[in-house]
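Notes follow once the structure below has been shown.
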Amino acid sequence: MRSQVRRIIEHCLKLEYSRAVEPRGGSYDSVIDARTQLDDDLEEQLPRLWTQARSKADNGLRRFGEPDAADMLPAGCPYTLDDLFADGRYRESLRPA
């Protein structure tokens, strides 16, 4: 994944700072391809990442005396990648009561 992020940065810099007309199309294609590859990689890994994160959340909730909350954790991932990367998704729920 890191190589795809580097690829996106490289071609964004080329597009922003180069005055050359060509190979702009190739840079656009590279950015699109890298973003697609990242989405595919993350989408494929989401079930495994979910299982690991759920286990860690379960352990943390139980350790801090919230077994009922741990028991309520869903078995399957209820989130899409868009949900996970949405800005401000949990701001309201993270504020103290």
Side-chain angles (χ1 to χ4, degrees):
M1 287 188 281
R2 292 185 301 254
S3 67
Q4 296 302 332
V5 173
R6 283 192 295 266
R7 183 176 170 197
I8 290 170
I9 292 168
E10 172 195 352
H11 288 282
C12 285
L13 287 169
K14 287 178 180 179
L15 286 165
E16 184 171 349
Y17 290 97
S18 174
R19 293 181 184 204
V21 174
E22 288 301 325
R24 294 185 86 70
S27 287
Y28 287 123
D29 287 344
S30 289
V31 169
I32 291 167
D33 290 345
R35 285 178 176 164
T36 301
Q37 185 66 44
L38 269 175
D39 284 345
D40 291 348
D41 287 348
L42 288 174
E43 196 70 48
E44 288 176 12
Q45 293 181 32
L46 187 57
R48 181 177 57 84
L49 296 171
W50 161 256
T51 300
Q52 294 167 348
R54 187 194 183 284
S55 178
K56 193 166 183 176
D58 181 87
N59 184 57
L61 288 167
R62 291 182 192 286
R63 187 175 64 230
F64 288 101
E66 296 187 76
D68 293 341
D71 290 340
M72 292 178 13
L73 294 174
C77 184
Y79 310 119
T80 66
L81 288 175
D82 288 340
D83 292 336
L84 295 172
F85 292 108
D87 288 337
R89 178 174 167 86
Y90 296 105
R91 282 193 187 132
E92 291 300 318
S93 64
L94 293 176
R95 290 188 182 153

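Not measured: the values here are computed from a predicted model.
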Pairs flagged by salt bridge (Lys or Arg N to Asp or Glu O under 4.0 Å) wherever residues 38-59 is involved - sequence neighbours left out: Asp58-Arg62

Taking atom types as modelled, find out whether Thr80 and Asp83 have a side-chain donor-acceptor pair closer than 3.5 angstrom. yes

Heavy-atom side-chain contact between Pro74 and Tyr79 under 4.5 Å: no

Hydrophobic clustering (ILVMFWY, side-chain heavy atoms < 4.5 Å, transitive) - are Ile32 and Leu15 grouped together? no

By the rule that ILVMFWY residues connect when side-chain heavy atoms come within less than 4.5 angstrom, directly or transitively, which residues belong alongside Leu61? Leu73

Name of the residue among Arg6, Gln45, Gln37 meeting side chain to side chain contact (heavy atoms under 4.5 Å, CB included) with Met1: Gln45

Mark yes or no for whether Ser30, through its side chain, and Gly26, through its backbone, hold a donor-acceptor pair below 3.5 Å. yes

Which distance, rounded to the nearest 0.5 Å, do you find between the OG of Ser27 and the NZ of Lys14? 5.5 Å

Between Ala75 and Trp50 the two heavy atoms that sit nearest each other are O-NE1, 3.1 Å

Residues Arg7, Asp33; criterion side-chain contact (heavy atoms from CB on, under 4.5 Å); working and verdict: CA-CA 10 Å; Arg7 183 176 170 197; Asp33 290 345; 3.4 Å; yes

